[in-house]
Each structure stands twice: as C-alpha cells, then as structure tokens.
Colleague: 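Structure below; questions to follow.
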2 protein chains.
Amino acid sequence: MKKITINDVARHAGVSKKTISRVLNQEPNVSSETRKKVEKSFTELGYRPNPQARALASSQSYLIGLLYPSQSNSYVSNIQKGALERCRAEGFHLVIYPEDHENESLISQFESNLNSSNLDGIILTPPFADMRKLLDLLKEREIPVVRVGAISALDSIPSVISNDAEASYEMCRYLISIGHHKIAFIKGHLDHGATEQRLSGYTKALKEAGIPILDQFIQQGNFSFESGEDCARRLLSLKVPPSAIFASNDYMAAGIVKVAKQKGISIPHDLTVTGFDNAPASRYIWPSLTTIKQPITEMAIEATRMLIRIIRKKPLEKLSTTIRNELIVRESSAPAKT
Amino acid sequence: MKKITINDVARHAGVSKKTISRVLNQEPNVSSETRKKVEKSFTELGYRPNPQARALASSQSYLIGLLYPSQSNSYVSNIQKGALERCRAEGFHLVIYPEDHENESLISQFESNLNSSNLDGIILTPPFADMRKLLDLLKEREIPVVRVGAISALDSIPSVISNDAEASYEMCRYLISIGHHKIAFIKGHLDHGATEQRLSGYTKALKEAGIPILDQFIQQGNFSFESGEDCARRLLSLKVPPSAIFASNDYMAAGIVKVAKQKGISIPHDLTVTGFDNAPASRYIWPSLTTIKQPITEMAIEATRMLIRIIRKKPLEKLSTTIRNELIVRESSAPAKT
DNA sequence: GAAATTTATGATAGCGGTGTCAGAACTAGT
DNA sequence: ACTAGTTCTGACACCGCTATCATAAATTTC
C-alpha cells in the first residue's frame, strides 16, 4: 500500500495543502463545502497524516511521560489506568518511565530520556513529585508538569493530592470507636512524603482521644511485605502488645497478618490489622483487610486532564486539586476484647 | 535558553550539516579529527537533536508499543519491566496500550491509535498475541511485531513463549509424588491460550500416573479471585472432595485458600492448594502459595530485543524462543494424608 | 608518479506537515 | 454601486534533520 501524503489529497480534492491542513486541524474559516470535499478525499484515499511531520512542524509530540518508581505495584497500574484514559480521549500517547528513585544518576538518565523523546508534558508520582532537582530540570526545560500525590505545596506547579493525613486520622478514629486504645502504627518508607502525612493522622487521633503515644507502638517499616513481618514480630512480642495494628500500606499489613497467623493469633478476634491503599492483595488475603481506598485512578485522570490543558495553553481552574480517600471496612478489624 | 539546531553546530564546528549528522548517527567515513571537533561543539553548545525532525527525515519514531489486557495485574507490570529494560538500553521509548480484549471495536480503536503514533514496532501479549485480525492489520501495515506467550505457532511472526503445558505437568507430577491422587484443576479464561495448555499438562500427568480424570474435578474459572472462590465452594462440597486443588493462576488459588479457611479447612494439612504465575499475592497470603514462576520479565526482554533487531533489519537468530517456567514450592502444599 | 581506488566532506533536495501573509471571494453598510 | 469589513483560500517559506550524489582529498596500485 502506497503512502498517501497531504499532497496527494490536495491534488485529489483540488485544493491546496494548506486547506487540507485546515480541515485536519479543525481550524475555522473553511467553507463547509470544501470541508466535505476534503473529507471525502480522506476516506477515498485512506489518508493518514504523518504524526512525526506534524510534530516537527507544530512542535507538539502528543506524547505524555509518566514517571514512577520502578518497584512497581498496584499503585502504578492504577495511575497508568487513569492517565491513559485521559490521554486516549484527547489523542495523546503515554510513554512510561519507571525509575529507581534511589539511583544516583537518576536526573542525568532522565534528562537523556527527555532529549530523545520531546514529551509535551510529564506526570510525576511520589516520590518524584517532591524531588526538587527534577522539578528544577523540568522547569528549565519548560516542560509542563503535573504532580500527583506530592507533599510540598509548591508555589507554581499544579498538583493533585489526596488527603492522606485525614484518612489516617479517620482510620484511627474508627479503631478507637470500636474500643481500641492500644493501637500500633507502622510507618512507611521515609522518602515518601505520604509516610509523614499518615503518621500525623495517627498521632492527631490518639492525642485527641487522650491516648498516650508510645514509642514502642510506632515501628519503622518501608512499605514492603517483609518489613511488615519484622515490625509485627517486634510488636507482638511486647509485654503489652497492641490490640490493633495500623500499617501505613497493605503490603505491610499482609505481613502482619501472616506473622500473627503463624503465632496462632486469630484475626480479627485477637488482633485487628488494618492497612492503607486498597491494593489488590488486601482483598486476596484472608481475612480481607480493612483499609483506606485511595482514588488513585481518579487522581491520575485529573492530573492528566490538567496537564493537557496546560499543554494546550488553556487556563487551569485551580492549581491544586484534592481527591478524597475512603475508609473501607472489611474482615480484618473487630471491636477490642474487653 | 535558545534552541540549538544542527545549523548552529555546523557553523560553530566549521563543517557542514551532513557531517554533524554523520557524527550524530555514528556513521563511518568521518575523520577522527573532525569527529572530535564536532563532539566538542556538541558539549560546548549543549546541543540536543530534535527527535521529531530525525523521525520525519529517517522515518523512524523510536517508539515501541505494548498491547496488553487492561484488567491489569502483576503480569503486566513484569512485562513492562522487561520491555523497558531493553527499550532504554537501545534508545527506544515504550508507549503502552491497555485494551479490553472483549471490546467489539478493539481493532478499529487500535488502528486509530496506530495512525496517530507511527510506532516502529509492537509487542503483543496474550490474548492479543493470538488475535488473527490484529495480526492481519499489523501485517498489512508492515509494522514489525513480536508475540509474547502466544499459543498458535504462526509461520512468520516471531514469538517468545513459555512451556506452560510442561510446567503444569510438572506441578501435577509433584503433587502426585507427595501422595495426592484426588487432584482437582481449575481452568482459566477460555480466551487465553494458556488455559488449554495448562489443562493439557494436568491431564497428561494424571493419565500417565493411571489416575482417572473426573469431570467434577475440573472446574471452569476465569482467572479472577471470585471465580476461584466459586470453584472452591463447588469442589469442597463434593461427596469425595479433592485433597489437592491446582488452580491455573494465583488469584484463583487465593480465592480457594479463602473459602477453605472460612470452612475451617487447614491448609496445607487438610488441603493442598497450588497456583500458577507467581503473582505478588502468592507471597502475601498465608500460607504462601506453591506455584509456577513464569519468567515474564525475561520473556519481555527477549521479545523486545527481537523486535528491535527486526526494526533495525538485522536477521533474527530464530523465529521462536522458549523460556522455561519453574516450580516454586512454598507453604500451601504438603503430602496427602494417608 | 600517473591512474585507479578509497575515504572524507559538502551542496542540495527532500521528509510531510504547519505558519505567515497576501489576495480572492463574499457580506454588509450607506 | 462603491467601500469597508469578513470569510475563505493558496503560495511559499520553514520546522530540523537525513539521503543522495557529486566532488575533493587521501591512499593504494603498478
């Protein structure tokens, strides 16, 4: 099949290249008559405009980059889902860049990626959304950016965030309301801003309820299953163990469930375990986890929508959007034994 | 920062555009002297070639598409990981296309995606790897394709496959070797070629061991957690229930574990449950699942390597590569009670 | 040391579109 | 009917790089 170019169509329709281009880009000032004629030629010839040529001439690539941590989990797949939904609707394509955020040469590597792709815009997920150097690079390059789940409220860069601190607070309120006051908390990876946020909700709720905050009840995890196991072993061998453990993500919660079961501790009868994120695993394990559902997909949809507006140079309604988390009560939580 | 073009570099280095281009593309016939001079200009000016212009002039986009089912799971993230590793090493970018394989208008939608992106090549995962219409479209468009995990051995299209039937056979051999002969099997989604393959390994192993194949021991699932639960309920309420259930993926196996626990059946003491895929959840649940590890990432790496060779018009060593699965014994399997 | 190769370099024409701007074809106003 | 203001349309330069091919320089050949 021979390639059809804009010149072929112009000849076939008996108009100039530029008019074809006008129809292609839905520009005004084309009589409906010629428009019809041109569109007819499109279908008759099976014309497909060359994206690269348009990109060169218009300096737009219709590519959006998504940067996320490479220790990929369900968070990422939900982000991708949301971003893609918008991209597709708007004629953009999504190019993915998983990166190790602890990699020393991250910036320079990412820069060379940038050089070879000419993205129209970039979506940043945690912890990249808070990396100053990265933001500076992108600013210097004048590449539009939207940040998802960022912590630092940056003056000028648009972002979509969720209310992690509040959700964490709500979870603790729930645990307290069903009679728990020996509540332990497992922190996440220190590089993630969410870690701090989630902890703050915990301390706030306990303080408010007049429950003392005990050092030994706050353990440092790193969002991995294994770190959950480790923390659980420590917590469950305390002289006075907690009656509820709130892990700041579901993988760590799953680790806790495993260790508890191995020790013959019944969940939720003897111990309540809750997580954060509503990862798929939170449904697959037994008992299924009480957790916080993060509207990740929705956040990505909104972020992408904003990004495309910026790319199109349309004004943004607001610089920052918050999307609310939601408590999901399942089987792993029950009233404290009296 | 002003944009530096090839003309600026040419002027700065005192050579012609074409010579710059030669250095850029590592073409031969450039004296090492001028090469050095040009490279010096590159760094001094901070020159970044425009990808779109190169794409237009050379009709190569350096974009590779990845098509996969949108009910995304760990399979996908592993595929992405592998594909990206190669892409990055070779200067390509990965554009992702999750699609619903049951969508009627899949082909036409995907075609419009193709039109707006000009991919250099495409990687197809199951079940797309076996969709005749899609393969025809891509062939007509002369877009290089590599198939991952395809079943049908197509004459001319390169593919990377794993030995699912053998692995399934091996799993059953293992179960038989530890004393099980009441072994049930849960089939996956019928649209996936793997479903048939995995079943064939089961029947082969049982036949070989002289174990009769019972209809009621073969249940139809669809790869989802819920379908695992359903099948488990049916299997566990048989007059003569199985002593081992082999689910053809881990999500279904997790569903079985849940139902069994709810019924107070101890795993692996009273019932052995095994899965397939080595999904993250297989480690997170308790007891952790004995399963088959699919070398998905490796398959994707190999597929991408092959694809890039095709794009570069280099000969392929062989049309089809097989990468071996591996049995992983964990906690959910134990010898049959005598 | 002249002729025949081989290697290095540049002039110029695209690649397939879009942007600019001028001119033609309509409308409307008086 | 004539001018002013819109609405269409096209010629042509240009986006930034690569391909082709001719030519100049260096090397080999005998």
Side-chain angles (χ1 to χ4, degrees), chain A residues 1-39 41-42 45-63 91 114-118 120 311-313, chain B residues 1-39 41-42 45-63 91 114-118 120 311-313:
Chain A
M1 194 164 67
K2 211 186 119 284
K3 240 191 296 182
I4 308 290
T5 77
I6 198 170
N7 294 303
D8 301 323
V9 184
R11 206 172 310 123
H12 185 274
V15 295
S16 74
K17 267 166 71 165
K18 181 61 209 185
T19 298
I20 306 294
S21 169
R22 285 201 181 88
V23 175
L24 225 44
N25 295 291
Q26 316 191 55
E27 285 172 31
N29 299 340
V30 178
S31 74
S32 62
E33 195 186 347
T34 36
R35 172 155 305 172
K36 283 228 182 63
K37 198 167 53 178
V38 171
E39 274 161 356
S41 295
F42 282 173
L45 296 176
Y47 171 60
R48 300 190 302 267
N50 179 322
Q52 266 70 36
R54 306 180 76 174
L56 175 57
S58 65
S59 50
Q60 249 221 80
S61 65
Y62 288 95
L63 296 178
L114 276 188
N115 289 342
S116 60
S117 64
N118 239 0
D120 282 347
I311 292 171
R312 300 233 170 96
K313 302 194 190 309
Chain B
M1 195 165 70
K2 212 187 117 287
K3 238 189 298 178
I4 308 290
T5 76
I6 198 170
N7 293 303
D8 301 323
V9 185
R11 206 172 309 123
H12 184 274
V15 296
S16 76
K17 270 165 68 165
K18 179 61 206 184
T19 300
I20 306 295
S21 169
R22 284 201 181 88
V23 175
L24 225 44
N25 296 291
Q26 316 191 54
E27 285 172 32
N29 299 340
V30 178
S31 74
S32 62
E33 195 185 346
T34 36
R35 172 157 309 180
K36 280 226 183 62
K37 198 167 51 179
V38 171
E39 274 161 357
S41 295
F42 281 173
L45 296 177
Y47 171 62
R48 302 190 300 268
N50 178 321
Q52 267 71 36
R54 304 181 79 172
L56 176 58
S58 65
S59 51
Q60 249 221 82
S61 65
Y62 288 96
L63 296 178
L114 276 188
N115 289 342
S116 61
S117 65
N118 239 0
D120 282 348
I311 291 171
R312 300 233 169 94
K313 301 194 189 310

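Each chain gets a letter, A, B and so on, in the order the sequences are listed, and its residues count up from 1. Every heavy atom of this structure was used, including side-chain atoms; hydrogens, water molecules and symmetry mates were not. Keep in mind it's a predicted model, so treat the numbers as computed, not measured.
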Colleague: Output the rounded distance in Å from CD (B:E27) to P (D:dT20).
Modeller: 10 Å
Colleague: From C-beta outward on A:S31, which listed nucleotide comes closest to its side chain: D:dC17, D:dC8, C:dG16?
Modeller: D:dC8
Colleague: Which atom names give the shortest non-hydrogen contact between B:S21 and B:I6, and what distance separates them?
Modeller: N-CD1, 4.1 Å
Colleague: Among C:dG16, D:dG10, C:dG10, find the nucleotide with the atom closest to the side chain of A:N50.
Modeller: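 So the side chain of A:N50 is nearest to C:dG16.
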Colleague: Give a yes/no answer on whether the side chain of A:S21 brings an N or O atom under 4.0 Å of OP1 or OP2 in C:dG17.
Modeller: no
Colleague: Both B:L56 and B:T19 contact DNA chain C. Which one's nearest nucleotide lies toward the 5' end?
Modeller: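 Going by which nucleotide is closer to the 5' end, it is B:T19.
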Colleague: Measure from the side chain of A:T34, starting at C-beta and using heavy atoms only, and say which of D:dC17, D:dT9, C:dG16 lies closest.
Modeller: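 Closest nucleotide to the A:T34 side chain: D:dT9.
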Colleague: Specify the closest pair of heavy atoms between A:L63 and A:S117, including all atoms of both residues, with the distance to one decimal.
Modeller: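 Closest pair (atom of A:L63, atom of A:S117, distance): CD1-O, 4.1 Å.
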Colleague: Below the 4.0 Å mark, does D:dG16 have OP1 or OP2 next to a side-chain nitrogen or oxygen of B:T5?
Modeller: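 The answer is no; no side-chain N or O of B:T5 sits under 4.0 Å from OP1 or OP2.
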Colleague: Find the distance A:Q52:CD to C:dG17:C1' and express it as a whole number of Å.
Modeller: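 In whole Å, C:dG17 C1' and A:Q52 CD are 11 Å from each other.
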Colleague: Show your reasoning for whether side chain to side chain contact (heavy atoms under 4.5 Å, CB included) applies to B:L24 and B:R54.
Modeller: CA-CA 11 Å; B:L24 225 44; B:R54 304 181 79 172; 4.3 Å; yes
Colleague: Looking only at non-hydrogen atoms, find the nearest pair between B:R22 and B:P28 and report the distance.
Modeller: CD-O, 4.3 Å
Colleague: Side chain of A:K3: nearest nucleotide among C:dG16, D:dC8, D:dT18?
Modeller: C:dG16
Colleague: With a 4.0 Å cut-off on heavy atoms, is A:N29 in touch with a base, just the backbone sugar-phosphate, or nothing at all?
Modeller: base
Colleague: With the side chain of A:S16 defined as its heavy atoms from C-beta on, choose the nearest nucleotide among C:dA11, D:dT18, D:dA11.
Modeller: D:dA11
Colleague: Using whole Å, report how far CD1 of A:I20 lies from P of D:dT9.
Modeller: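 About 11 Å, once rounded to whole Å.
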Colleague: Counting the atoms with a prime plus P, OP1 and OP2 as sugar-phosphate, which does A:N25 contact under 4.0 Å by heavy atoms, base, sugar-phosphate, or nothing?
Modeller: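 Contact class for A:N25: sugar-phosphate only.
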Colleague: Do A:V15 and A:K37 pass the side chain to side chain contact (heavy atoms under 4.5 Å, CB included) test, and can you show the C-alpha distance, the side-chain angles, and the key distance before you say yes or no?
Modeller: CA-CA 9 Å; A:V15 295; A:K37 198 167 53 178; 4.1 Å; yes
Colleague: What's the CG-P distance between A:N7 and D:dC12, to the nearest Å?
Modeller: 14 Å
Colleague: Take atom CG of A:D8 and atom C1' of C:dG17, then tell me their distance rounded to the nearest Å.
Modeller: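 Value for this atom pair: 13 Å.
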Colleague: Between the side chains of A:S61 and A:N118, is a donor N or O closer than 3.5 angstrom to an acceptor N or O?
Modeller: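 There is no such pair (donor and acceptor under 3.5 Å, judged by atom type) between the side chains of A:S61 and A:N118.
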Colleague: Roughly, in whole Å, what's the span from CZ in A:R11 to P in D:dA11?
Modeller: 13 Å
Colleague: Tell me the interatomic distance from B:K17, atom NZ, to D:dT18, atom P, rounded to whole angstroms.
Modeller: 10 Å
Colleague: Quick one: does A:R22 reach the base of C:dG19 with a side-chain donor-acceptor pair under 3.5 Å?
Modeller: no
Colleague: Is B:K18 close enough to C:dA8 that one of its side-chain N or O atoms is under 4.0 Å from OP1 or OP2 there?
Modeller: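 For B:K18, the contact criterion (side-chain N or O under 4.0 Å from OP1 or OP2 of C:dA8) is not met.
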Colleague: Can you tell me how far P of D:dC8 sits from NZ of A:K37, to the nearest Å?
Modeller: 14 Å
Colleague: At under 4.0 Å between heavy atoms, what does B:S59 touch on the DNA or RNA strands: base, sugar-phosphate, or nothing?
Modeller: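 Nothing, no heavy atom under 4.0 Å.
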Colleague: Using a heavy-atom cut-off of under 4.0 Å over every strand shown, decide if B:P49 touches base, sugar-phosphate, or nothing.
Modeller: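 The residue B:P49 makes sugar-phosphate contact but no base contact.
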